[in-house]
Structure formats: C-alpha cells, structure tokens
Amino acid sequence: MYGILLIVAILIIIILIIGIHEKSTNAICTSRRRLEGKTALVTGGTAGMGLEIAKDLAHRGARVIVACPFIEEGTNARKQIVKETENENVVFKHLDLSSVDSIRTFAADVLTNENRLDMLINNAGVGHVQDSQTKDHMHFIMQVNYYGSFLLTLLLLPLLLKTGKPDEPSRILLTSSVLHNLGQIDVENINRTNYWYRLQIYCNSKLCLVLFGNELAKRLKGTNVVVNTIDPGAVGTRIFDSGSRILGFFLKLFINAFFKNTWQGAQTALHVMLDKKAGEVNGGFFKNCKVSKPVNRANCDKTAKVLWEESMRLVNLSPDELEKCFKPL
C-alpha cells in the first residue's frame with residue numbers, strides 16, 4: 001500500500017515539475033505591429049486557438065476572414081470578435097475542408113471578392129474522430145487536417161502572390177502538432193479505414209503538413225510569399241472531446257493547468273505571422289516563437305515529393321491548374 005502511495009506521490013511531483021517548467025517556458029508574441037489595410041484568413045477561426053488568433057489580428061486593425069463549416073458557430077464568432085475588438089471588418093465564410101467542392105467554392109469566392117490576402121493561417125483541424133472516408137475518397141481526418149489545407153493553400157496562392165512585396169511577403173501558416181513526431185507516411189495505405197488507430201491517423205496528418213510546408217517552400221523560393229509550419233504545443237482545446245467528452249473535459253483541465261490554454265497556444269502562430277524576422281524565414285518549423293526542428297523524417301525530400309504528387313491526384317488538381325496557382329492574379 002505504501003509503495004503504491006509512494007509511486008503516486010512521485011508521479012504527482014513529476015507532473016508538477018513538468019507543469020512548472022512548461023508554464024515558465026511558454027513564449028509570448030511580442031510584436032506590436034498594426035495591420036490596417038491588411039487581410040488575414042483564419043481557418044477554424046471561430047473557436048479555440050483559431051478564435052484567439054482571429055481576435056488578436058482584428059485588434060491590430062486587419063480585415064479578418066474566419067472560416068468554418070458551422071454556420072451558427074461562425075456567425076456567433078464573428079459577433080464576438082467584433083464586440084471584443086470594435087473592428088467591424090470581420091467576415092465569416094462557410095468552409096468545409098472535408099469537401100473538395102466546398103474548398104473550391106470558398107477559394108473562388110475569396111479570389112473574386114478580396115483584393116488582397118496578406119496572411120493565410122491554416123489552423124482548422126479535427127482529432128481522432130470517425131474512421132471513415134469522405135465522398136472525395138479520402139480519410140475524413142486526413143482530408144480535414146491535411147488534404148483540405150493542401151488544396152486551399154494552392155488555390156489561394158495567386159492572391160497571396162499578388163499581395164506580397166519584396167520587403168513584406170505574404171505569409172502562409174500550417175499548424176502541425178508535437179504528435180507529428182509519431183506520424184508515418186505510407187502513401188498506399190494512408191487513406192484506408194479500419195487500418196490505423198485514429199490517433200495514428202491524426203499524427204500522420206500532422207507529419208504531412210510539415211512535409212507539405214517544406215516542399216511548398218522550395219517551390220515558392222524567389223517569390224514574395226513564405227510558408228512556415230508550427231508546433232503550438234499541448235493546448236487545451238475542444239479537440240480533446242473527440243473520443244469521450246468526459247475524458248476530454250478532464251484532459252482540457254489538465255492541459256490548461258500544466259501546459260497551454262488557447263491564448264497561449266496562439267502565440268507561436270501570431271509570432272510567425274507578425275514578427276519581422278519570422279517573415280524572412282521560408283520553410284521553417286517554429287515552436288514557442290522560435291525556429292525549431294521537426295522530426296528527421298519530415299525533412300525527406302523524396303517523401304515530400306511523393307506525397308505532393310499523390311495529394312494532387314486525390315484533390316484532382318491537374319498540372320495545368322497547378323501551374324496557374326503559381327501565377328499572381
């Protein structure tokens with residue numbers, strides 16, 4: 001009995017030490033940059049970390065477009081952002097990353113109705129939800145977390161290229177996760193159902209984002225657009241509700257207490273979007289507002305190219321259309 005109590009006590013002490021260390025090393029974006037005349041687009045900008053990012057950018061005077069698949073949530077988030085920031089130039093647009101048709105409709109709307117796009121923050125994502133394929137024949141988790149961002153980013157490139165300037169490039173952000181370290185790339189089986197654990201699929205999707213960012217950065221070299229990937233750290237968001245709401249509730253409490261809340265989780269994204277020196281980095285991986293290193297296999301050029309080609313096939317993006325994506329409007 002005493003042995004069990006001793007082990008529990010030691011575990012509690014270890015957790016407290018880790019929590020104190022994590023809380024004391026959580027970095028904060030220190031940029032005071034104003035954004036009047038700039039436009040930022042935040043996917044998943046209606047809840048959690050994305051909402052914090054959107055509010056910060058709106059506070060700075062930007063035109064902020066928040067996108068999500070839920071009309072009521074999007075409408076309410078827009079009202080909340082306007083109320084808290086007193087910035088009326090906030091727009092909600094419907095976007096379902098699990099649908100190629102929705103992504104194409106959304107992108108066409110932005111290209112037609114927006115005259116500039118300075119920042120694209122790919123923040124939307126899901127946890128280990130259903131193990132099923134979408135009507136586009138991609139795994140639901142993979143499409144929302146990776147393929148959707150892949151297609152959306154490429155379709156919006158012409159406007160980003162138009163907006164960027166040599167001394168002030170447009171910026172693209174891809175939100176990965178510490179769990180990318182556990183990701184695997186098996187292109188032939190990556191979209192299979194009843195094959196992976198759902199948590200493994202989440203890890204795979206986050207590794208794919210790093211590989212995509214590295215490959216896109218190479219293709220954007222010499223342009224006025226940069227792309228970087230972040231690991232926001234362990235953040236207490238509703239993504240933990242994916243498996244069990246009860247377990248998710250306690251996990252969020254634990255992570256908020258010992259790691260990061262949504263405001264803290266947003267800081268690295270804001271740093272990459274706002275900091276002057278961060279704007280000079282292309283193909284970087286950031287953690288706690290500093291350039292860091294992803295897992296080694298995320299730097300494999302061969303894997304990145306194979307993944308790129310397979311992703312193009314799955315989202316039905318032809319070589320001719322891809323070529324047009326890299327031409328400014």
Side-chain angles (χ1 to χ4, degrees), residues 25 27 119-125 138-139 141-154 157 160 169-191 196-197 199-235 265 267-269 271-273 275 277-315 317 322 325-326:
T25 56
M119 303 174 185
L120 171 59
I121 299 101
N122 290 293
N123 168 78
M138 289 171 269
H139 196 286
I141 298 172
M142 286 297 301
Q143 183 165 351
V144 173
N145 288 2
Y146 166 63
Y147 295 112
S149 293
F150 173 88
L151 178 60
L152 178 65
T153 299
L154 293 177
L157 262 184
L160 289 155
S170 298
R171 307 190 192 194
I172 300 170
L173 180 77
L174 301 168
T175 304
S176 184
S177 164
V178 65
L179 291 178
H180 86 278
N181 287 281
L182 302 178
Q184 301 177 36
I185 304 299
D186 178 357
V187 172
E188 292 184 1
N189 295 301
I190 204 164
N191 282 299
W196 309 89
Y197 290 112
L199 180 59
Q200 182 64 58
I201 302 168
Y202 177 86
C203 299
N204 296 350
S205 70
K206 294 302 182 177
L207 177 58
C208 286
L209 285 168
V210 186
L211 287 160
F212 169 47
N214 291 342
E215 180 64 20
L216 181 59
K218 292 181 176 67
R219 295 172 184 247
L220 288 173
K221 189 175 181 180
T223 72
N224 296 324
V225 179
V226 297
V227 56
N228 292 292
T229 310
I230 67 162
D231 167 9
V235 186
Q267 296 306 304
T268 298
H271 172 80
V272 174
M273 289 292 99
D275 184 77
K277 289 187 177 179
E280 298 170 359
V281 179
N282 183 34
F285 182 86
F286 286 77
K287 183 176 181 178
N288 267 336
C289 299
K290 293 181 181 179
V291 175
S292 185
K293 290 184 179 180
V295 68
N296 285 337
R297 59 185 172 279
N299 295 318
C300 178
D301 291 342
K302 181 179 178 180
T303 302
K305 289 175 181 176
V306 170
L307 178 65
W308 179 286
E309 294 300 322
E310 178 66 3
S311 300
M312 281 186 56
R313 183 187 71 80
L314 286 167
V315 302
L317 189 68
L322 179 65
C325 291
F326 282 84

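When a residue number appears, it is its place in the shown sequence, counting from 1.
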Checking the side chain of [X] only, and the main-chain atoms of [Y] only, is there a donor and an acceptor separated by less than 3.5 Å?
X	Y	value
S292	F285	no
T229	V210	no
N214	A298	yes
N228	L174	no
R171	V272	yes
N181	V178	yes
H180	V295	yes

For this session: Measure up the F150 and W308 rings against each other and bin them: parallel (under 30°), tilted (30 to 60°), perpendicular (over 60°).
Result: perpendicular
Exercise. So F212 and Y146, would you call those rings parallel, tilted or perpendicular, with 30° and 60° as cut-offs?
Worked result: perpendicular
Taking C-beta and beyond as the side chain, do [X] and [Y] meet within less than 4.5 Å on heavy atoms?
X	Y	value
L157	L220	yes
I172	I121	no
N299	P294	yes
L152	L154	no

Could you report the tightest heavy-atom contact between [X] and [Y], atom names first, then the distance?
X	Y	result
G283	A217	CA-CB, 3.4 Å
S177	P232	CA-CD, 4.4 Å
P169	G279	CG-O, 3.4 Å
N145	K206	ND2-CE, 4.4 Å

Could you measure the distance from the [atom1] atom of [X] to the [atom2] atom of [Y]? Nearest 0.5 Å is fine.
X	Y	atom1	atom2	result
L317	S311	CG	OG	10.0 Å
C325	L160	SG	CG	11.0 Å
Q267	I230	CD	CD1	10.5 Å
D275	T268	CG	OG1	11.5 Å
S205	I141	OG	CD1	7.5 Å

Seminar exercise, completed: Sequence neighbours excluded, the answer for side-chain contact (heavy atoms from CB on, under 4.5 Å) partners of S149 is N122, L209
For this session: Using the test ring-ring contact (aromatic ring centres under 6.0 Å, His included), find all partners of W196 that sit at least two apart in sequence or belong to another chain.
Result: none
Problem set entry | Worked verdict on F326 versus T223 for side-chain contact (heavy atoms from CB on, under 4.5 Å) | CA-CA 9 Å; F326 282 84; T223 72; 5.8 Å; no
For this session: May I have all residue pairs that pass salt bridge (charged side-chain N to carboxylate O under 4.0 Å, His left out) and include part of residues 210-226, sequence neighbours excluded?
Result: E215-R219, K218-D301
Exercise. Got a sec, which pairs hit salt bridge (charged side-chain N to carboxylate O under 4.0 Å, His left out) with one end in residues 278-291, sequence neighbours left out?
Worked result: D231-K287
Enumerate, atom names and distances included, each donor-acceptor pair closer than 3.5 Å involving a side-chain atom of residues 182-191, sequence neighbours excluded.
{"unit_1": "D186", "atom_1": "OD1", "unit_2": "N189", "atom_2": "ND2", "d": "3.4"}
{"unit_1": "D186", "atom_1": "OD2", "unit_2": "N189", "atom_2": "ND2", "d": "2.9"}
{"unit_1": "N189", "atom_1": "OD1", "unit_2": "R192", "atom_2": "NH1", "d": "3.1"}
{"unit_1": "N191", "atom_1": "OD1", "unit_2": "H139", "atom_2": "N", "d": "2.9"}
{"unit_1": "N191", "atom_1": "ND2", "unit_2": "Y147", "atom_2": "OH", "d": "3.1"}

For this session: Test L307 against C208 for side-chain contact (heavy atoms from CB on, under 4.5 Å), laying out the working first.
Result: CA-CA 8 Å; L307 178 65; C208 286; 3.8 Å; yes
Problem set entry | Contacts of E310 that satisfy salt bridge (Lys or Arg N to Asp or Glu O under 4.0 Å) - sequence neighbours left out | R313
For this session: Test M273 against L173 for side-chain contact (heavy atoms from CB on, under 4.5 Å), laying out the working first.
Result: CA-CA 8 Å; M273 289 292 99; L173 180 77; 3.6 Å; yes
